[in-house]
S.K.: 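Here it is, the structure, as structure tokens.
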Amino acid sequence: MPLEPDDYTAPLNRAAAHARQWLNTLPTRPIRPKATADDMLAAFGGRLADHPTDAAQVVDELALAADPGLMAIGSGRFFGWVMGGTLPAALGADWLVSAWDQNSGMRYATPAAAAIEEAAGAWILDLLGLPAGCDVGFATGGTMANFVGLAAGRGDVLTRAGWDLNSKGLIGAPPVHVLAGAEVHASVDLALRYLGLGLPTLVEADDEGRMRPEALAEALALVSGPVIVVLQAGNLHSGAFDPMRELITIAHDHGAWVHVDGAFGLWAAASPQWAEQLDGIELADSWATDAHKTLNVPYDCGVAIVARPEAARAALGVKTSYLIQDAGAPADPFELVPEMSRRGRGIPVWAALRQLGRSGTIAMVERLAATARALADGLDALPGVEVLNEVVFTQVSLAFGSDERTRAVTQALIADGAVWMSGSKWHGRDILRISVSNWSTDDDDIATAIDAVARALAAVPE
Ligand SMILES: *Cc1c(COP(=O)(O)O)cnc(C)c1O
């Protein structure tokens, strides 16, 4: 099939039209999907057709059939889990990433992609106040960014214990102790599982989920040999930050590698108003964050940052004859993440930061936190609402009396469709959790959200 000059024109025009249509409905459409995954499978499944279908028609079919099964995650009225929408420049850049189709692993083969990601990485370090010269890799998300930091740490602590992990493997190695806060995110457990390190030893946290320094010191006194300590910048339920300087100092005195899971909260370091809460975070050895959460780029994009030179490359790099590298050159992108072949997912990060600039990035982070505060205050004023956390960043946890009523109000709220917030459990209680992560959430959305919760409360008798 020879390529015709017009082959891409109609499908791309149709895709742009459908995308505009979708984005234009975000301010008004119900947040929840109308259809279930099984309904959607009925629309998309069945036997694969024998004959080809016109490309533009495929795009039309896809857009029309998917619509009832789409969640309006990009809406300013979406407060579920911790997600975030998409800044316009980031979305435009993401389209180009697909059109360019660069396999972004090697500097010499895809120089534009590599350079754009290097520039974006340097901007992130500068904005977050992390040491210039750290390795920055663009992984699929926070989970794999945690994996990268922990893989680098695992290799480093074993090397220091005299064990060559890459040649000898983990079996027979000195045990690696991993300590994490009692409210560690499940993705850290998962990353540790991938790394063969098992579950971490949990260190006591305070009421807001912050690791207690005395508890870390006590826990470290009980272990010897290679140690990794995992801290958290941004607790899912409270938004709280571990007291970084104190904890990192204690961990380093014990020779530990310190990794920080800052999937959404690390961005607080960009804001002069919030940076104090993360004082000392630059002393850690590795950090994980998401660009697809607080920075509002499209999925999938996590950022893995490693301070110690060579540690990420030692864990994730490969040497083969066909991956040509210049001696002494900066790391190739594939050496800093688990994948070899991948899209240029750091490119939308460059575009987002270019669109916002320094002041815009700071303003966005501060607005997300101010919105969470406004929602907490507005909801706290409704009868029967308890705000359970100190609202220190973008997260608000609520309860409405008994667990049963909290669950019922949550169900009524989601069915209503005006907003989406997530049910969860925290400290043994059913809760409703709000995450303010979308750049476009405005005062109208705040008012809509408070009204929606008031309606759900009215629908469920105490
Ligand atoms: C979202 C999140 C993760 C996992 O990130 P993914 O991008 O979903 O892989 C890890 N830690 C925290 C605190 C998170 O909020």
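Heavy-atom basis, side chains included; hydrogens, waters and symmetry copies ignored. Both ligands and their constituent atoms are indexed starting at 1 by order of listing. Bear in mind that the values here come from a model prediction, so they are computed numbers and not experimental data. This chain uses plain numbering: 1 for the first residue, then up along the sequence.
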S.K.: With nothing but distance in play, are any N or O atoms of Asn146 less than 3.5 Å from an N or O of ligand 1?
M.R.: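 Such a contact does not occur with ligand 1.
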S.K.: Is the shortest N/O to N/O distance between Asp261 and ligand 1 below 3.5 Å?
M.R.: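 There is such a contact, yes.
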S.K.: Above 12 or not: heavy atoms from other molecules or residues under 6.0 Å from CG of Asp207?
M.R.: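 No, CG of Asp207 has 12 or fewer neighbouring heavy atoms, counting only those of other groups under 6.0 Å.
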S.K.: Looking only at protein heavy atoms, identify the closest one to atom 6 (P) of ligand 1 and say how far it is in Å.
M.R.: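 That would be Gly142 N, 3.3 Å.
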S.K.: In the protein, what heavy atom is nearest to atom 10 (C) of ligand 1, and what distance, to one decimal place, separates them?
M.R.: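 Looking at atom 10 (C) of ligand 1, the protein heavy atom closest to it is Ser187 OG, 3.0 Å.
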S.K.: Just verifying a value: how many Å separate Met83 CE and Ser435 OG, rounded to the nearest 0.5 Å?
M.R.: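 Interatomic distance, Met83 CE to Ser435 OG, rounded to 0.5 Å: 9.5 Å.
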S.K.: Under the criterion salt bridge (charged side-chain N to carboxylate O under 4.0 Å, His left out), I'd like the reasoning laid out for Glu339 against Arg345: C-alpha separation, chi angles, the key distance, then a yes or no.
M.R.: CA-CA 12 Å; Glu339 302 89 357; Arg345 61 168 72 95; 3.7 Å; yes
S.K.: Taking atom types as modelled and ignoring hydrogens, do the side chains of Asn389 and Ser397 form a donor-acceptor contact shorter than 3.5 angstrom?
M.R.: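 No donor-acceptor contact under 3.5 Å links the two side chains.
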S.K.: Do you see a donor-acceptor pair shorter than 3.5 Å between the side chains of Asp67 and His18?
M.R.: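 Asp67 vs His18: no donor-acceptor pair found between side chains.
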S.K.: Suppose I only count heavy atoms of Ala263 and a 4.0 Å limit; which atoms of ligand 1 are within that range?
M.R.: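 So the atoms of ligand 1 that pass are 2 (C), 3 (C), 10 (C), 11 (N), 12 (C), 13 (C), 14 (C), 15 (O).
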S.K.: Please classify the Leu236 to ligand 1 contact at 4.0 Å (heavy-atom distances, strictly less than): side chain, backbone, both or neither.
M.R.: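 The side chain, only.
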S.K.: Can you name the closest pair of heavy atoms from Phe393 and Gly265 and give their distance?
M.R.: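 Nearest pair, atom of Phe393 first, then Gly265: CE2-CA, 3.9 Å.
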S.K.: Show the atoms of ligand 1 that are less than 4.0 angstrom away from any heavy atom in Gly141.
M.R.: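 Contacts of ligand 1 toward Gly141, numbered from 1: 7 (O), 9 (O).
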S.K.: For ligand 1, which atoms sit closer than 4.0 Å to a heavy atom of Lys293?
M.R.: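 Atoms satisfying the 4.0 Å criterion: 1 (C), 2 (C), 3 (C), 4 (C), 5 (O), 14 (C), 15 (O).
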S.K.: Could you state the interatomic distance from CG (Leu432) to CZ (Arg407), rounded to the nearest 0.5 Å?
M.R.: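 Taking CG in Leu432 and CZ in Arg407, the distance rounds to 13.0 Å.
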S.K.: Under 4.0 Å from a heavy atom of Phe264: which atoms of ligand 1 are those, numbered in the order shown and with their elements?
M.R.: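 Counting from 1, the qualifying ligand atoms are 15 (O).
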S.K.: So is Met144 touching ligand 1 or not, going by heavy atoms under 4.0 Å?
M.R.: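 So Met144 does not count as touching ligand 1.
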S.K.: Less than 6.0 Å separating the ring centroids of Trp420 and Phe79?
M.R.: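 That pair fails the under 6.0 Å test.
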S.K.: Nearest protein heavy atom to atom 9 (O) of ligand 1, by residue and atom, and its distance?
M.R.: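 The closest one turns out to be Thr143 OG1, 2.6 Å.
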